[in-house]
There are 4 protein chains.
Amino acid sequence: MPTKREKSKEAKKEKIIEAAVKVFAKKGFYTANVKDVAKEAGVADGTIYLYFKNKDDLLISLFEHKMRGILDTFKRALKNISDPLDQLKEFIKVYFNLIENDPDLSDVFQVELRQSTKFLKDYHNQQFSNYLNIIAGILEKGKKIGFFRSEMDIHICKIFIFGAIDEVARQWILGADAKYSLSEATEQTCDNLVKGLLAF
Amino acid sequence: MPTKREKSKEAKKEKIIEAAVKVFAKKGFYTANVKDVAKEAGVADGTIYLYFKNKDDLLISLFEHKMRGILDTFKRALKNISDPLDQLKEFIKVYFNLIENDPDLSDVFQVELRQSTKFLKDYHNQQFSNYLNIIAGILEKGKKIGFFRSEMDIHICKIFIFGAIDEVARQWILGADAKYSLSEATEQTCDNLVKGLLAF
Amino acid sequence: MPTKREKSKEAKKEKIIEAAVKVFAKKGFYTANVKDVAKEAGVADGTIYLYFKNKDDLLISLFEHKMRGILDTFKRALKNISDPLDQLKEFIKVYFNLIENDPDLSDVFQVELRQSTKFLKDYHNQQFSNYLNIIAGILEKGKKIGFFRSEMDIHICKIFIFGAIDEVARQWILGADAKYSLSEATEQTCDNLVKGLLAF
Amino acid sequence: MPTKREKSKEAKKEKIIEAAVKVFAKKGFYTANVKDVAKEAGVADGTIYLYFKNKDDLLISLFEHKMRGILDTFKRALKNISDPLDQLKEFIKVYFNLIENDPDLSDVFQVELRQSTKFLKDYHNQQFSNYLNIIAGILEKGKKIGFFRSEMDIHICKIFIFGAIDEVARQWILGADAKYSLSEATEQTCDNLVKGLLAF
DNA sequence: AATGAATGAGATTTCATTCAT
DNA sequence: CATGAATGAAATCTCATTCAT
């Protein structure tokens, strides 16, 4: 149980992370300055370094902090659904919801983290498989109960399903095509994506 | 018809672009130095600035230069195919081929260009729709002849199809999962992706 | 007579000084942080500033505090010796003893204090003459009683004698040549140094 | 044979080193900024880094560059002297000359280099033995021909002789006692130091 | 046209010092 | 008295870009 001091310490770390998400999303990780983040968080430049080892560490910590919450959200959402098709639909819905509610965070996850240092890139990909594994789980179940086609290669499908969903989300974030709402997109993505997997 | 001098000028520009592709892929756009590119290209630092306005311009020029060739490749490949399903398969095959033959280029397209400056982000998206429009063309045709379901939203589908393909390619590049060859992946991706679109 | 409270105040100041000696010796005055000293002393960073005006002041106070004890040690040791040659031998013995017993302190005296700010440098030299004056006293006496050569310039000799002793000590601390023990060195240093001064 | 370009490159490196000597002597290594050195050298800040890896490297390079010249000077000066006593006198004379002609350099050698990072400290001591070995050579010769006492421990004597000379020099630089000229000091130092070593 | 040394703005990071608790 | 989180000035170093040769 955190003492009052620890709690406020955690709160400040959180505040800096939120600021970083906002600033990195807007300016990009490399173009953004630590100074920018500090200003957004309302702290002094040096304060950042009391909570994070360096700029890279800030990005990594941000990622881990947020990732934890996101994976939880997915688990909670999928727990009570048994039909794999419904699970897949729910996965997409949750994913789009997350993005709709925090586009800045999504930008950081989808764009900023993917580049940066080679080290960070590797790191990202490694963490990234968390997402893929959720989908793999759904596919496996669906295959076992004969819902999905037996020739379907789970390993490849989990990737392309994720890619499909992710790209729809990214394009929405980038607003390149603000012509669609994410909720519309959910229907379309589900229908078309899922039908291809069915066994019958 | 270019004179000999002009030709060699073009050749040097090409050489710098190739060097940039290699260096940006390996180090990332921001982490790579202009010096690195110059060394890789075998020219002096200053020479780069005789051919490109600045570092950003090098990335953009690189993109445009390559994009032209790639779009040509696609057009040529799809020209003589009339069945939309076959066209989609061909699109995937060509895409995977491109990536297999020049993974560095793909990295730059997929990762570096997606972020960089906000300015570049916008720029990228605009160019990016060229890709998407090829897919859109295929879908439109397929819909018109009743091959694809009439409820299918072309605008969203072109995006998610691209995302699916792209992600399979990215994962292959990253080698995170070297467990699949791109040719295997082609089958799986086509089958599952396309079946969902069929009208019957 | 100090109250209990004052005593504990003095004790904490002492504790900080000891910590500073250790830390400065190991890391060097500039490379060491106030935080390091605080940690070594087992107090908070800010506490240091309740006892010392700033980092420079810590070094100066350290010096003065230690210097007092050292000069006392010398005075006590030399008090009951009348023969100047024996006094010189004793001086060397005491000096080497000090260094053997507290090499950290010696490092701070010999190395750290010598540089630092120009201000500190001046300060050091000024305090430094305390040492030299002890030697000068011995030489004067020896000259007066005809023990040391009359042409001997006390002013220069006090310096070079100190330098000789000090360097032997420094080399021992540095361990660059751990080949000699300080007690061996005492003999050699005394013999050779002193013989040159004799009048006969 | 250096080309014109290489020559001017070497010249600029030299210019920066001279500036560094001056600035480090005046302000101390840690208190001085790279900016200060750049200004003194009449170049831009960044230029320093074209010639030296970092601030530490500047100090080390400075040391090595100068050390080479100094050792040469000693070797040339001692080459044609056979009497070890005369050699020792000459050593002192040359040493004092060097210091008189370039007090700034001496300060850097004597004060700045001795502290700085632990790494530099070690480095300094290692290079330092070059000096000591010259003296050791003289002592050895003098002992062999029965000029110096046979009980004399060369290893310790080389150290204390150097210390004696060095301290006289340092005090002169510091001007703490501008009361003596270095040439006066030479006589005194030689006489007193050397007499102690004689065998008869 | 080509070179690459030089520039200097600007970014990251450190750390002595302060002050609210 | 003591604490230690916060500050922000300042230092080192990088690197895109320029320009004399």
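FYI, side chains are in, hydrogens and waters are out, and symmetry mates aren't considered; it's all heavy atoms of this structure. Chain letters run A, B, ... following the sequence lines, proteins first, then strands; residues in each count from 1.
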OP1 or OP2 of E:dT14 under 4.0 Å from side-chain N/O of A:Tyr49: no

Got a minute to check which stems DNA chain E is part of, using Watson-Crick or G-U wobble pairs under 3.5 Å, three or more consecutive? E:2-21 with F:2-21

How close or far is atom P of E:dC15 from atom NZ of C:Lys55, stated in whole angstroms? 8 Å

Taking atom C1' of E:dC15 as reference, at what distance in whole Å does atom CG of C:Asp36 sit? 10 Å

Partner set under salt bridge (Lys or Arg N to Asp or Glu O under 4.0 Å) for B:Lys35, not counting sequence neighbours: B:Asp45

Looking only at E:dT12, F:dT12, E:dT17, the nucleotide nearest the A:Val34 side chain is E:dT12

Please work out if A:Ala38 contacts a base, only the sugar-phosphate, or nothing of the nucleic acid, heavy-atom cut-off 4.0 Å. nothing

Go nucleotide by nucleotide along DNA chain F from the 5' end; which of A:Tyr51 and B:Asn54 gets its closest nucleotide reached first? A:Tyr51

Whole-Å distance between E:dT12 C1' and A:Tyr30 OH? 13 Å

Between P of F:dC15 and CZ of B:Phe29, the distance in whole Å: 13 Å

Taking the side chain as every heavy atom from C-beta outward, state whether D:Ile48 and D:Leu50 have any atom pair closer than 4.5 Å. no

Whole Å only: how far is the CD1 atom of D:Ile48 from the C1' atom of E:dA5? 14 Å

Taking salt bridge (Lys or Arg N to Asp or Glu O under 4.0 Å) as the definition, give me every residue that meets it alongside C:Lys15, ordered by chain and number, with sequence neighbours left out. none

Just call it for A:Phe52: base, sugar-phosphate, or nothing, with non-hydrogen atoms closer than 4.0 Å on any strand. nothing

Separation of D:Ile16 atom CD1 from F:dC13 atom P, in whole Å? 14 Å

If we only count heavy atoms from C-beta on, is the A:Asn33 to A:Lys39 side-chain gap below 4.5 Å? no

On the ring face of A:Phe52, is A:Lys13 found with NZ or CZ under 6.0 Å from the centre and within 45° of the axis? yes

Starting from P on E:dA11, measure out to CZ on A:Phe24 and report it in whole angstrom. 14 Å

Identify each atom pair where a protein N or O and an N or O of nucleotides 7-10 of chain E are less than 3.5 Å apart, giving names and distance.
| from | atom 1 | to | atom 2 | distance (Å) |
| --- | --- | --- | --- | --- |
| E:dT7 | OP2 | D:Ala44 | N | 2.9 |
| E:dT7 | OP2 | D:Thr47 | OG1 | 2.4 |
| E:dG8 | N7 | D:Gly46 | N | 3.4 |

Measure from NZ or CZ of D:Lys55 to the centre of the six-membered ring of D:Tyr49 and say whether it is under 6.0 Å with the direction within 45° of the ring axis. no

For D:Lys66, give me all partners under salt bridge (Lys or Arg N to Asp or Glu O under 4.0 Å), at least two apart in sequence or on another chain. D:Glu18

Fit a plane to each ring of A:Tyr30 and B:Tyr30, take the angle between them on a 0 to 90° scale, and name the class: parallel (under 30°), tilted (30 to 60°) or perpendicular (over 60°). parallel

For A:Asp36, what residues pass the side chain to side chain donor-acceptor pair (under 3.5 Å) criterion, not counting sequence neighbours? A:Lys27

